[in-house]
Number of protein chains: 2
Amino acid sequence: MRPPRPPLGPPRGRFVSAADVARLAGVSRSAVSRAFTPGAQVSEQARARILEAAEELGYRVNRLARTLHQDRSDLVGVVGGNFSNPYISAQLDALSRALHARRLQCLLMNSASGGDDLGRLLDYRVRTVVLLSGAAPDTLIRLCAQNGARMVLINRPRPPEGARADLVLADSAHGGRLAADRLARAGCQNVAVVISGSRTSAKLDRAEAFCSEMALHGIPVTRWADGPNSYETGVEAARALLIPGDRRVDGIFGVTDEIALGVLNTARFELGLRVPEDLSVIGFDDAPISGWSSHGLTTIRQPLEALTRATMEAITLPPEAEPVLCAVPVQLVERGSVRAPIT
Amino acid sequence: MRPPRPPLGPPRGRFVSAADVARLAGVSRSAVSRAFTPGAQVSEQARARILEAAEELGYRVNRLARTLHQDRSDLVGVVGGNFSNPYISAQLDALSRALHARRLQCLLMNSASGGDDLGRLLDYRVRTVVLLSGAAPDTLIRLCAQNGARMVLINRPRPPEGARADLVLADSAHGGRLAADRLARAGCQNVAVVISGSRTSAKLDRAEAFCSEMALHGIPVTRWADGPNSYETGVEAARALLIPGDRRVDGIFGVTDEIALGVLNTARFELGLRVPEDLSVIGFDDAPISGWSSHGLTTIRQPLEALTRATMEAITLPPEAEPVLCAVPVQLVERGSVRAPIT
DNA sequence: TGTCTGGCTGCACAGCTGTGCAGCGTCGTG
DNA sequence: CACGACGCTGCACAGCTGTGCAGCCAGACA
């Protein structure tokens, strides 16, 4: 039960307003506003009395109303498709911390549930929309432009010409080449690349670069592209690709760690293959669980800190600033799921 | 100051308002408001003209301003400590989808970064605060009560007497007993329980019930309680607990899957123990990755769907409704990290 | 033709905050 | 003592939307 209120308090079940505090402290509502505005002119006694009254009532400044007055809100819309994906969730964790540190709020939207309801983010006057998954729908691009909200795409496909959006991209092409070279040095003769079915994304660039680099080495590549970006997709791919025979696939590149782990585990535990002796597997992302000793996945690392830092820089740019393109370097992380180089 | 407006269309860099739309459509601002309010009285022609103008300008109703007028907002504050934790991220994924389906928005806050800045959620007039991690600070409890915001605690410690909060609890005690019975049936003689260092949580209940049930079986239990709720805590615990000797620990209960997986992997890959022959390991949660063939962790399942459903019910209750207590049953999931029962 | 009804429309205000501006009192100085 | 300066306060308005209420117009009916 709530303790009985003093007569001056606000009614039950409603938020406390500055007027309530003013009444209790015996000042005008303006004074309350000033007491919570740094640098505003209030006497020390009044401020003390106001803060005391606010504390007693549990008052907090209504940032929604404050936003009406200012040109930008503190809200940043963050869109993701699958927060239980190991790399996405690591990204979200880092990003939400960084936003918090800059006193920005994170309005989360799961794009897996609805269609292109992403425009609803604009209903809340978000200053910026950040996309972690999926492609940016044209309607969202237009809405952001018309309303002066920035848009940050992380490892997302380049929007159509003329669309204003900040791009934060890991060097997918270089990563794809690194993966190809590593499998070639391991002596693989017959390799495959596993992509999810979604066509429009940085994953395609990784796969493309992998294939063309492999062509330079003269090694044939089988492409598997089906299903969502998930562990199960890796499982399915492994079952289909790793049929016994004289020219069995001996190296697989999964365009995300989650896919690669599905391949790795299926090969080891369901098909009875030895990794890396019979099969080399390499991933992309370097999700935290890829380093666990149960997996030991060799992968292409996208540094999360650099990605987050670049994202925060784009987020905090003023709305009229020119869009930014930031490329983040990637690197090979050796863990043992790829055979040692033959010399 | 605001830049001078062109006769039609809003200036760059600001959000489009209903007044802008009204000007373009040649109607009053009220008419615009009504065109976007279901059931309000507007003629078909006016509505069509207004919607067309809104489409052209990219107008979206400002839900922040609308909130000023209504008694409750659409915002739900969600607090978590570590979104890269496998079970927390699965919870967040399910919750964000469910909120989206009910047209509620998810204002995310990472409690790992700041102290008790959680009160900042109230600045945004959230209708409800949901806690996924950590204990509810007294100040937050008081703030919510004074402002008529509901509070939902998921597997969190019971708040102090008199605090109004909805509780959604998996049956920790029953789960702890299930884990103990299972290890006892496996013939374990010397078991340990691994808790994280945080004292205040449902994890303690799991451990307590485990210990008392083991006492009934007459089996000694070593307690390890240190570090955060993380994979590394499991690693550390395994290194410390599994020292070779004549009375080595032969069964371990990790109070979360993440901890249990740290134990499991360290035992298998670093210490060279066979699981389950030399050591039985059991976890709690049933995170998605626990079912992966690389782990095969036997665990106590907290059904995510039931948890989410109960949470949504509490979230959508009116502010004046009495607090709710919802207990969700748990069950044992066999996967092979515990030895077969001896009969 | 006059009157009444009903459907739209716009005015004005509420809801909450930030801030320019004028007013008020006090204090210091000539 | 008179006057100016200065610090503080409250008024009033802006910012954006929802809505009660009155007014307007057209159409229907006697």
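Order of the sequence lines fixes the chain letters, A, B, ..., with proteins taken first and strands second; residue numbering starts at 1 for each chain.
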State, yes or no, whether a side-chain contact exists between [X] and [Y] at a heavy-atom distance under 4.5 Å.
{"X": "A:T316", "Y": "A:R102", "result": "yes"}
{"X": "A:M109", "Y": "A:V126", "result": "no"}
{"X": "B:R127", "Y": "B:L104", "result": "yes"}
{"X": "B:L99", "Y": "B:M312", "result": "yes"}
{"X": "A:T128", "Y": "A:L75", "result": "no"}

Is B:D117 paired with A:R103 through a side-chain N to carboxylate O contact shorter than 4.0 Å?
->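 Yes, this pair counts.
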Between A:R120 and B:D74, does at least one N-O distance fall below 4.0 Å, as a salt bridge requires?
->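 No.
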Are any side-chain N or O atoms of B:S111 and backbone N or O atoms of B:G80, one a donor and one an acceptor, separated by less than 3.5 Å?
->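 At least one qualifying donor-acceptor pair exists.
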Under the 3.5 angstrom rule, does the side chain of A:N147 hit a backbone N or O of A:L143 as a donor-acceptor pair?
-> yes
First encountered from the 5' end of DNA chain C, between B:L68 and B:V27 = B:V27
Axis bend over the full length of the helix from C:dT1-D:dA30 to C:dG30-D:dC1, computed from five pairs that close each end, to 10 degrees |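 Helix axis angle between the two ends: 60°.
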Residue pair A:S28/A:A65 against DNA chain D: nearer the 5' end by closest nucleotide is A:S28
Pick base, sugar-phosphate or nothing for A:R29, based on heavy-atom distances below 4.0 Å to the nucleic acid.
->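 Base contact.
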With sugar-phosphate meaning primed atoms plus P, OP1 and OP2, does B:V61 contact a base, only sugar-phosphate, or nothing at under 4.0 Å between heavy atoms?
-> sugar-phosphate
With B:T311 via side-chain contact (heavy atoms from CB on, under 4.5 Å) - residues at least two apart |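 So B:T311 forms a side-chain contact (heavy atoms from CB on, under 4.5 Å) with B:L95, B:V130, B:V152, B:I154, B:V168, B:I315.
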Under 3.5 Å, is there a donor-acceptor pair between the B:N82 and B:N229 side chains?
-> no
Could you go through residues 45-60 of chain B and list every donor-acceptor pair under 3.5 Å that involves a side-chain atom there, pairing it with any protein atom two or more places apart or in another chain?
residue: B:R47; atom: NH2; partner: B:A35; partner atom: O; Å: 3.1
residue: B:R49; atom: NE; partner: B:A25; partner atom: O; Å: 3.2
residue: B:E55; atom: OE2; partner: A:R142; partner atom: NH2; Å: 2.9
residue: B:R60; atom: NH1; partner: A:G119; partner atom: O; Å: 3.3
residue: B:R60; atom: NH1; partner: A:D123; partner atom: OD1; Å: 3.0

Tell me, which of residues 34-42 of chain A have any heavy atom that sits under 4.0 Å from an atom in DNA chain D?
-> A:R34, A:Q41, A:V42
Strand contacts (DNA chain D) in residues 43-54 of chain A, 4.0 angstrom heavy-atom criterion | A:S43, A:A46
DNA chain C: 5'-most and 3'-most nucleotides touching chain B, 4.0 angstrom heavy-atom criterion = C:dC8 to C:dT17
Shortest non-hydrogen contact from B:Q146 to A:V16?
-> O-CG2, 3.9 Å
